[in-house]
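Remarks on the structure that follows.
If you're wondering where the values come from, they're calculated on a predicted model, not measured in any experiment.
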Amino acid sequence: MTDRWALAPAEDGGVEIAPLGPDGLPAGPVRREADLAEAVRGRPEVARWVWRSTAEVYPRLLATGVRVERCYDIEDAETLLLGHEGRHGEPRSAAAALARLRGRPVPPDPPQRSAEPGSQSPLFEPQAVHVPLADLVEVYADQQRRHDATAHPERMRLLTAAESAGMLVAAEMNRAGLPWSAEAHRRVLHDLLGERYAGGGEPRRLAELADEVSAAFGRRVRPDLPADVIKAFAQAGIKVRSTRRWEIESLDHPAVKPLVEYKKLYRIWVAHGWSWLQDWVRDGRFRPEFLAGGTVTGRWVTNGGGGLQIPKVIRRAVVADPGWRLVVADADQMEPRVLAAISRDPGLMEVAGRETDLYQSVSDRAFSGDRDQAKIAVLGAVYGQTSGDGLKNLAALRRRFPKAVAYVDDAARAGEEGRLVRTWLGRTCPPAAGATEDAAEEAGIPVPVPEDDPAEGSGPQEWGRGYASTNARARGRFARNFVVQGSAADWTLLLLAALRRTCAGMAAELVFFQHDEVIVHCPEEEAETVVAAIREAAELAGRLTFGETPVRFPFTTAVVECYADAK
DNA sequence: AGTTTCGGCGCC
DNA sequence: AAAGGGCGCCGAAACT
């Protein structure tokens with residue numbers, strides 16, 4: 001942290017740079033240099049580069065083989081700080097932040113550009129407003145002061161630093177791409193779907209299933225049209241509201257089996273079929289455009305190609321280069337472990353202090369060894385289930401782990417009432433639009449909650465007052481989940497940052513990240529080092545994020561040549 | 001004709 | 001009878 005420099009690409013292709021002092025303001029004159037990459041390459045002693053946007057700068061550095069250890073993304077920090085300040089809707093660009101600082105009219109943010117298949121310049125933002133370096137550092141210095149004004153300044157600094165690190169990881173993963181065997185992919189498609197027919201219509205297997213569905217109904221039915229299917233069932237004397245699988249599956253009708261099979265395969269065909277392969281795989285790599293912090297909870301998203309929704313069967317196509325391996329690592333029961341860490345519930349921390357199956361331990365304590373019940377109860381608590389077995393079991397969970405359940409209940413209540421809710425590090429959940437109006441309306445127009453159920457009598461009132469609108473309760477569920485899912489995202493950022501540092505000295509590359517799962521592509525001889533690095537990174541991230549707690553964050557790891565073999 | 005929303009389902 | 005949070009993507013349907 002001792003040696004920070006600010007950097008701003010100039011509009012003519014050059015770059016402005018300046019060393020920064022402890023206050024975040026320039027410690028020397030702003031210099032102009034002709035070449036962005038050379039300016040960075042020539043200063044390996046710089047510990048952190050401060051810039052407007054990682055997505056603007058870092059792909060250009062990577063393109064010339066230059067990596068940096070750390071950065072600080074001003075616009076990302078602006079987003080997080082505005083959120084913490086309860087100002088979610090305000091423009092987050094550096095230009096807007098500067099305008100606020102100077103008391104000038106605040107420009108709206110430029111529109112987001114969406115990805116195109118095969119794009120070679122991911123996340124390039126040509127429409128961004130240029131801010132000269134001298135102005136940019138003013139915004140930065142102001143942000144440093146705003147960190148101090150947050151509820152937990154140290155955590156907030158960790159959050160902005162961690163998310164900036166995540167943006168470096170994302171840019172590097174975008175460049176590396178996920179190793180993808182088009183041949184293996186085509187093999188899977190052919191096995192599942194059969195031959196393709198000329199003209200781009202349905203492949204053989206789908207056509208056959210469509211015929212079976214039609215035969216079962218006694219007339220031509222297109223199984224990909226919900227309205228047609230609903231009508232066909234109605235004519236057969238069966239009323240269905242939708243054609244969702246869970247609703248169709250239990251029906252007693254000969255069309256059900258081929259219909260369900262059709263929907264499964266149709267999904268593969270349209271979302272990950274031959275045209276997807278054509279659009280998204282180039283030179284043996286699939287490049288989903290990873291976007292760190294793309295959601296309000298801090299989870300990442302990908303832009304293009306459905307990178308975080310690769311169906312299990314299609315993972316057969318993710319194949320390491322010859323002589324290389326994929327280290328596939330999956331965090332075990334991440335969300336309940338995170339809940340233990342943020343709630344500091346003694347019982348849950350003790351359970352989460354073991355590396356063994358957490359749901360089994362919970363069930364031994366509270367559910368007479370019934371693991372499935374325990375899992376449903378825990379997930380119900382985290383997701384805000386309002387009925388069914390999950391709610392019934394919530395009572396048992398609350399008796400054994402009162403602080404943990406109270407933590408998410410409190411978050412839910414805060415969400416209902418339109419108050420701010422934060423992750424452990426300080427990412428803040430935006431109050432939903434209309435929250436204030438709803439709160440006022442609820443005060444005047446009571447809406448009874450559904451009938452009593454067993455969970456209500458056994459602990460504190462889950463929904464606070466006995467009145468809440470549907471909207472308010474939805475906000476409650478959102479907020480309840482936010483504190484867990486978001487704090488988990490906090491932790492994974494620290495994990496990725498630590499793992500990235502280890503990989504920096506090796507040939508190994510991070511190539512995929514999906515919420516609680518990471519894939520490293522590395523030479524076979526590095527694989528065991530990577531496995532150890534993941535375990536160490538997980539524990540380090542746990543300590544850095546949540547402080548000293550007994551909670552452990554074990555991973556299931558597999559060293560494989562093919563992703564599909566990891567589970 | 002082009003854009004937005006819906007229904008459904010993939011992943012966590 | 002409905003029923004748990006977060007996403008993205010596709011084609012069809014609904015709209016301007």
Side-chain angles (χ1 to χ4, degrees), chain A residues 114-115 117 200 202 222-230 239-249 259-260 262-273 275-276 279-280 288-291 293-315 330-335 338-339 375-394 408 411-412 415 421 423 427 429-430 432 450-451 453 462 470 473-489 492 512-518 563 567:
Chain A
S114 63
E202 291 182 324
R222 281 192 51 187
D224 58 322
L225 301 185
D228 202 14
V229 172
I230 290 173
K239 297 236 183 305
V240 287
R241 288 184 58 257
S242 72
T243 65
R244 288 188 174 86
R245 202 175 62 221
W246 60 264
E247 190 167 351
I248 296 291
E249 238 161 9
L259 182 58
V260 168
Y262 179 95
K263 289 161 83 74
K264 187 178 133 200
L265 294 179
Y266 176 80
R267 166 77 192 175
I268 299 289
W269 177 53
V270 298
H272 285 91
S275 55
W276 180 94
D279 287 344
W280 293 105
E289 202 170 290
F290 285 95
L291 196 60
T295 73
V296 287
T297 63
R299 275 192 174 187
W300 293 24
V301 294
T302 56
N303 192 348
L308 300 184
Q309 295 98 237
I310 305 168
K312 293 247 163 69
V313 285
I314 299 297
R315 296 177 181 187
D330 208 307
D332 301 330
Q333 308 98 35
M334 175 179 69
E335 292 188 340
V338 166
L339 176 57
K375 185 171 178 177
I376 289 169
V378 169
L379 294 180
V382 170
Y383 290 154
Q385 187 163 29
T386 55
S387 65
D389 286 354
L391 195 56
K392 191 174 62 200
N393 294 335
L394 189 58
V408 287
V421 171
T423 67
R427 186 189 307 273
C429 176
E451 285 305 295
D453 55 61
E462 188 187 359
T470 305
R473 280 186 291 167
R475 287 198 307 273
R477 286 193 297 274
F478 182 14
R480 171 189 294 270
N481 181 249
F482 177 88
V483 293
V484 179
Q485 189 185 112
S487 298
T492 57
F512 190 69
F513 170 60
Q514 181 175 245
H515 314 315
D516 64 349
E517 180 178 8
V518 60
Y563 188 16
K567 287 179 184 171

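- In this entry the distance linking CD of A/E247 with P of C/dA3 reads 11 Å, nearest Å.
- Where the helix from B/dA1-C/dT16 to B/dC12-C/dG5 starts and where it ends, the local axes point in directions that differ by 10°; five pairs per end, rounded to 10°.
- Whole-Å rounding puts the A/I268 CD1 to C/dG8 P distance at 20 Å.
- Of the two residues contacting DNA chain C, namely A/A227 and A/G305, the nearest-nucleotide position lying further toward the 5' end is that of A/G305.
- Between A/R477 and C/dA3 there is no side-chain polar atom (N or O) within less than 4.0 angstrom of OP1 or OP2.
- When distances run from any side-chain atom of A/Q309 to the nucleotides C/dA12, C/dG8, C/dG6, the shortest one goes to C/dG8.
- Between A/L394 atom CG and C/dA3 atom P the separation is 18 Å, expressed in whole Å.
- The main-chain N or O of A/G304 is never found under 3.5 Å from a side-chain atom of A/E289 such that the two would form a donor-acceptor pair.
- Whole-Å rounding puts the A/E289 CD to C/dG8 P distance at 12 Å.
- Closest to the side chain of A/L225, out of C/dA13, C/dG8, C/dG6, is C/dA13.
- The nearest whole Å value for the distance from the CD1 atom in A/I310 to the C1' atom in C/dG8 is 12 Å.
- Minimum interatomic distance between A/G293 and A/W300 (heavy atoms only, all atoms of both residues): N-CD1, 3.7 Å.
- Remark: the separation of the C1' atoms in B/dC9 and C/dA1 is 23 Å, to the nearest Å.
- Residue-level contact check: A/R244 touches the backbone only, with heavy atoms under 4.0 Å from sugar-phosphate atoms and none from bases.
- Using a 4.0 Å heavy-atom criterion, one finds that A/V382 contacts no nucleic acid atom at all.
- As a whole-Å value, the separation of A/Q514 CD from C/dG8 C1' is 12 Å.
- With contacts defined as side-chain heavy-atom distances shorter than 4.5 Å, the pair A/T492/A/D516 does not qualify.
- Side-chain atoms of A/W276 never come within 3.5 Å of backbone atoms of A/V270 as a donor-acceptor pair (strictly under, hydrogens ignored).
- A distance-only check finds a donor-acceptor pair linking the side chain of A/R480 to the backbone of A/A381 [under 3.5 Å].
- Side-chain atoms of A/K264 and A/V260, non-hydrogen and from C-beta on, never get closer than 4.5 Å to each other.
- No side-chain donor-acceptor contact under 3.5 Å links A/R299 to the backbone of A/A489.
- If you check every strand for non-hydrogen atoms under 4.0 Å, A/F513 touches nothing.
- Contact of the A/L308 side chain with the A/P288 side chain is not registered, since no non-hydrogen atoms from C-beta on lie closer than 4.5 Å.
- Applying the salt bridge (charged side-chain N to carboxylate O under 4.0 Å, His left out) criterion to A/R244, with sequence neighbours excluded, gives no partner residue.
- Rounded to whole Å, atom P of C/dG11 lies 12 Å from atom OH of A/Y262.
- At whole-Å resolution of the value, CG in A/L379 and P in C/dG5 are 13 Å apart.
- Protein chain A touches strand DNA chain B; the 5'-most and 3'-most nucleotides with an atom under 4.0 angstrom of its non-hydrogen atoms are B/dG7 to B/dC12.
- The phosphate of C/dG11 has neither OP1 nor OP2 within less than 4.0 Å of any side-chain N or O from A/R222.
- Closest approach of A/Y383 and A/E335 over heavy atoms only: OH-OE1, 3.7 Å.
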